[in-house]
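To keep things clear, I will list the structure first and then write my remarks on it.
The shown structure was predicted, so the numbers you read here are calculated from the model rather than taken from an experiment. Because only heavy atoms are used, hydrogens play no part in the values below, and waters and symmetry mates are left out as well, while side chains stay in.
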Amino acid sequence: MWIISVALSIIFCIIGWIMVSKKKSITCCASVASLSFVALTLLMEYKLVLNWVNKEDWAALLDVVPTMFTILTGYVVIMFLANALLIGFAMKNMNSK
């Protein structure tokens, strides 16, 4: 399920960049949707780790969590920067009208 959430956040970010290039006012909505799916992805990953802890599956935690932390950190930083730039360009386009 978290893979779908990651895909949707990336899709909404791409939609936002397409909208900013066409100078549409709906750009900020796409950015908000993208950031919402980023947060949902993090919550789903946290739930996955919580399930492993409740089942006392320490091997899964030791194998997956260090790599997952690195990948999720990169994903969150890239998505935040992309959406921050997206909102910045959208505000610039709105002010220039």
Val53 and Met68: same hydrophobic cluster, using ILVMFWY side-chain contacts below 4.5 Å? yes
Test of understanding: clusters of I, L, V, M, F, W, Y form through side-chain heavy atoms closer than 4.5 Å, transitively. Do Val6 and Tyr46 belong to the same one? no
Can you hop from Leu42 to Ile4 via hydrophobic side chains spaced under 4.5 Å? yes
Report the residues that fulfil side-chain hydrogen bond (donor to acceptor under 3.5 Å, both in side chains) with Ser34, sequence neighbours left out, ordered by chain and then residue number. Asn83
In terms of heavy-atom contacts, Ser9 and Met79 come closest through O-CE, 3.3 Å
Minimal non-hydrogen separation, Gly16 against Thr27, with atom names: O-CG2, 3.5 Å
If you measure from CE on Met91 to CG on Leu86, what distance do you get to the nearest 0.5 Å? 10.0 Å
Where Glu45 and Trp2 come nearest, the two heavy atoms and their spacing: OE2-CD2, 2.7 Å
Report yes or no: do Phe80 and Leu8 belong to one cluster of Ile/Leu/Val/Met/Phe/Trp/Tyr joined by side chain heavy-atom distances under 4.5 Å? yes
Are Leu72 and Leu50 connected in the hydrophobic side-chain network, where two residues link if heavy atoms are under 4.5 Å apart? no
Please give me the minimum heavy-atom distance between Thr67 and Asp63, naming the atom from each residue. OG1-O, 4.3 Å
For the CG atom of Asp57 and the CG atom of Leu61, what is their distance to the nearest 0.5 Å? 6.5 Å
If you draw a 6.0 Å radius around OH in Tyr75, do more than 12 non-hydrogen atoms from other residues or ligands fall strictly inside? yes
N/O donor-acceptor pair under 3.5 Å between Ser21 side chain and Ile18 backbone: yes
Parallel, tilted or perpendicular, as decided by the 30° and 60° cut-offs, for the rings of Phe89 and Trp17: perpendicular
Please report the interatomic distance CD1(Ile10) to CD1(Ile15), rounded to the nearest 0.5 Å. 12.0 Å
Ser31 side-chain N/O to Ile87 backbone N/O, donor-acceptor pair under 3.5 Å: no
Looking at Ile26, I'd like to know if its CD1 atom is crowded, meaning that more than 12 non-hydrogen atoms belonging to other residues, nucleotides or ligands lie closer than 6.0 Å. no
Taking Thr70 for the side chain and Pro66 for the main chain, is one N or O donor matched with an acceptor at less than 3.5 Å? yes
